[in-house]
**Student:** 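Dropping the structure in here first, questions after.
Numbers restart at 1 for each chain; the letters A, B, ... are given by sequence-line order, proteins then strands.
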Protein chains: 2
Amino acid sequence: MKRRTIKDIAKESGFSLSTVSLVLNNHPRISQATRDRVMAVVKKYNFYPNSAARGLASKSSKTLSVVVPNLTRVFSDIYLGEIISGIYERATSQGYKILLDIATSQFIKTQEYSKLLASRRADGMLFIASDIHADYLSVFEDSPYKFLLVNHVFPGKKLNYVSVDYAASARLAAEHLLGLGHRKIGLIAGTNTFTGLQFRDEFLRVCKTWPAGAAKVAWVDGGEEWSQRGGYAAAAKLVAQMPDLTAIMAANDRMALGAMRWMADNRRAVPEQVSVMGVDDIQLAAFVNPGLSTIRHDLYQVGIESCNRILQLIKGEITECSDLLPTSLVVRGSTGRA
Amino acid sequence: MKRRTIKDIAKESGFSLSTVSLVLNNHPRISQATRDRVMAVVKKYNFYPNSAARGLASKSSKTLSVVVPNLTRVFSDIYLGEIISGIYERATSQGYKILLDIATSQFIKTQEYSKLLASRRADGMLFIASDIHADYLSVFEDSPYKFLLVNHVFPGKKLNYVSVDYAASARLAAEHLLGLGHRKIGLIAGTNTFTGLQFRDEFLRVCKTWPAGAAKVAWVDGGEEWSQRGGYAAAAKLVAQMPDLTAIMAANDRMALGAMRWMADNRRAVPEQVSVMGVDDIQLAAFVNPGLSTIRHDLYQVGIESCNRILQLIKGEITECSDLLPTSLVVRGSTGRA
DNA sequence: ATCATTCGGTAAACCGCTCGACATGGCAAG
DNA sequence: CTTGCCATGTCGAGCGGTTTACCGAATGAT
């Protein structure tokens, strides 16, 4: 079976090559009658234009590169899942395909991130994998390449981003706990991303300057992967460090759940003895007992919005982007009065 | 900043266009001296050849399409995660990129699966999303397109596949339980895939024909998504249906964990009163208490092998493929004598 | 009836790279 | 000193589309 080309369709339908092309691209120049006759042949042969040829001539691959972090269990991360689903949904509806990549050391070392864009394999890149060491991203400052950080920021670098507002989340969380009267708080932070640092710093700041009386905060790092396991270990450390703490704040729900688990394993009642609070509002947060109080981050929306923005950057409708999406407080059973 | 082409590199390095091309493709025809001089210019401009042009001329996109099922939480499925990781690892090492797609109704209706291959956007397709209703896959029987089912089979259709051997798993599981003396068994099956049906049928067959005495098996469907929640509900149904059952076999670990949870919630000791067994050996299986006995499925390996095979199909090294990977019994605390 | 528009379609110049056929120069063998 | 061969480069014909400028016919205004 020979591969058909637009030329074959032209011959068979009796029109010129250009006409077929215009039909396939829904150009208004062509009459309905012609359109129908051409499409009949297209359908008959189940013809689809060669995308490489198309990409070459039109200088667009209609493809988006999505780079995810190199976690041990990347694809089983609910957090990432939400974002990717949002991106996929939007991209597909706009006729774009998704090229998936993992930010392995190999990926970084070979500068695949540049290569993908320079070779025009992708029209733009959505990068969900940034951390504070991702200095190589400087390539994308003032470059002609369409690049966007997803749910990350990079202070000091001119990089586009769409992220939830981690500082705002920190404020909401701090205000909630402080409002409940907590003055001895343990914080499980994530320190390998700038958003994580922003959260920590803002949380500390608010606690320190609370009008009704500053709170004492002890903080520890929850580990590179922000995992439940890391949260569990961190909770132990915090309690050792500040035995009379009345609340634990974790920078994401998974670590908060790990902390709750530690409390259960060590016979501390939540929230009676210790309030526990997370960030993200993953599904599980509502299903544990007691329900986890948290700051809702609509990651699916982050995906949608990121995709919208990168498409606008590609089309040239905007030239830069720094969106911070709002977050909201979700109070469940895991937090109570100090 | 103008986009550079191979022609610019040729001019600047003083060699012909073809020479540059040959250098970039590591053709042995070129001497080391020339190679070095050309590469110097390539590095200088950070040049990467246009992949559309390359694809057009070479008739290969160096891209693999990976289609995943349209589950509500696709990307947070550990099961899929393992497979995708395996595929990614292999594909990348061979210079192939991954184009990700979700088998939404839209994807099916618009025949994207054909379009991707017909338009040469991808050189081959790895399909992880098959179910018993995927009749449209017939397009790929005897077609020139490179297509492979991953951890799925389709009896009656000539489709390539790489899957673990579900029938063998069923045998191992049945033999384990029967060997422990169980004669009243509840089975939580997955009936929306052929591999699921194979597992169920083989399990039933072995139980019915066990030399030391047939076992009675009651089975129910665990739901479309093979989820923990589905397993929980299924366990309830089974116990209602066969109150004296001494073992529950689930077609995957998630459903088994759901069943264990039901047992805990309803005060039945595992394994003293009811043995529970799963399939897959997901990480969590080792961490619950008691540990879940299961049949180990190396899904990462399935990913690796699938990718190997599709690449062989693409290169024409093989023309068809029907691999069944071995599985093994993993005994932990959740199963005991009847 | 004449001329300017509009409408619908076409010719042809690319887009940037691959690869088989062909050219060239140097050297060993006859 | 030819002839024959390697070893290395180069030519140029595609690959399969997109898109702009151009063109003839039909329509409408004067």
**Student:** May I ask you to test the L325(A)-V302(A) pair for a side-chain heavy-atom distance under 4.5 Å?
**Tutor:** yes
**Student:** Measure from CG on L17(A) to C1' on dT10(C) and round the result to the nearest Å.
**Tutor:** 10 Å
**Student:** Using distance alone, with no hydrogens and no angle criterion, decide if T19(B) and S16(B) have a side-chain donor and acceptor under 3.5 Å apart.
**Tutor:** yes
**Student:** To the nearest 10°, give me the bend of the helix from dA1(C)-dT30(D) to dG30(C)-dC1(D), comparing the axes of its five terminal pairs at either end.
**Tutor:** 40°
**Student:** Distance-only check: which donor-acceptor pairs under 3.5 Å involve side-chain atoms of residues 34-46 of chain B, not counting sequence neighbours?
**Tutor:**
| residue | atom | partner | partner atom | Å |
| --- | --- | --- | --- | --- |
| T34(B) | OG1 | S31(B) | OG | 3.0 |
| R35(B) | NH2 | H27(B) | O | 2.8 |
| R35(B) | NH2 | I30(B) | O | 3.2 |
| D36(B) | OD1 | Q32(B) | NE2 | 2.9 |
| K44(B) | NZ | E12(B) | OE2 | 2.7 |
| Y45(B) | OH | E12(B) | OE1 | 2.8 |
| Y45(B) | OH | E12(B) | OE2 | 3.3 |

**Student:** Mind listing the residues from residues 5-13 of chain A sitting with a heavy atom below 4.0 Å of DNA chain D? Number order is fine.
**Tutor:** T5(A), I6(A)
**Student:** Without swapping roles, check the side chain of S114(A) against the backbone of E112(A) for a donor-acceptor pair under 3.5 Å.
**Tutor:** no
**Student:** Compare side-chain N and O positions of S21(A) against OP1 and OP2 of dT18(D) and report whether any pair is under 4.0 Å apart.
**Tutor:** yes
**Student:** Within a reach of under 6.0 Å around CD of E89(B), are more than 12 heavy atoms found that belong to other residues, nucleotides or ligands?
**Tutor:** yes
**Student:** Do N160(A) and R309(A) have side-chain N/O donor and acceptor atoms under 3.5 Å apart?
**Tutor:** no
**Student:** For DNA chain D, determine which residues of residues 34-56 of chain B have any heavy atom closer than 4.0 angstrom to one of its atoms, and list them numerically.
**Tutor:** T34(B), L56(B)
**Student:** Report yes if a side-chain nitrogen or oxygen of K59(A) is closer than 4.0 Å to either non-bridging phosphate oxygen (OP1 or OP2) of dG16(C); otherwise report no.
**Tutor:** yes
**Student:** In terms of side-chain heavy atoms, does N151(B) have a donor or acceptor partner in Y161(B) at a distance below 3.5 Å?
**Tutor:** no
**Student:** Going by distance alone, is a donor N or O of one side chain under 3.5 Å from an acceptor N or O of the other, for S119(A) and R54(B)?
**Tutor:** no
**Student:** List the steps and the verdict of side-chain contact (heavy atoms from CB on, under 4.5 Å) for L126(B) and V67(B).
**Tutor:** CA-CA 6 Å; L126(B) 292 170; V67(B) 183; over 6 Å; no
**Student:** Please work out which of the three classes, parallel, tilted or perpendicular, describes the rings of Y113(A) and F140(A), given edges at 30° and 60°.
**Tutor:** perpendicular
**Student:** Round to a whole Å and report the spacing from CZ of R4(A) to P of dG17(D).
**Tutor:** 12 Å
**Student:** Give, for atom OG of S322(B) and atom CG of L149(B), the distance between the pair rounded to the nearest 0.5 Å.
**Tutor:** 11.5 Å
**Student:** Using distance alone, with no hydrogens and no angle criterion, decide if S60(B) and D123(B) have a side-chain donor and acceptor under 3.5 Å apart.
**Tutor:** yes
**Student:** Could you tell me whether K157(A) atom NZ has more than 12 heavy atoms of other residues or ligands within 6.0 Å of it?
**Tutor:** yes
**Student:** What protein N or O atoms touch nucleotides 24-26 of chain D N or O atoms at under 3.5 angstrom, if any, and at what distances?
**Tutor:**
none

**Student:** Between N50(B) and R4(B), is any side-chain donor less than 3.5 angstrom from a side-chain acceptor?
**Tutor:** no
**Student:** Rounded to the nearest Å, what distance is computed from the NE2 atom of residue H27(A) to the P atom of nucleotide dT19(D)?
**Tutor:** 8 Å
**Student:** In this structure, how many angstroms lie between the P atom of dG17(D) and the CG atom of N25(A), rounded?
**Tutor:** 11 Å
**Student:** So, F147(B) versus F127(B), ring centres under 6.0 angstrom or not?
**Tutor:** yes
**Student:** Taking any heavy-atom pair under 4.0 Å as a contact, classify S31(B): base, sugar-phosphate, or nothing.
**Tutor:** sugar-phosphate
**Student:** Tabulated below should be each protein N or O lying under 3.5 Å from an N or O of nucleotides 20-28 of chain C; please produce it.
**Tutor:**
none

**Student:** Does CD in Q312(A) sit with more than 12 non-hydrogen atoms of other residues, nucleotides or ligands closer than 6.0 Å?
**Tutor:** yes
**Student:** Let me know the distance between CG of N26(A) and C1' of dT19(D), rounded to the nearest Å.
**Tutor:** 16 Å
**Student:** In this structure, how many angstroms lie between the P atom of dG16(D) and the CG atom of L24(A), rounded?
**Tutor:** 15 Å
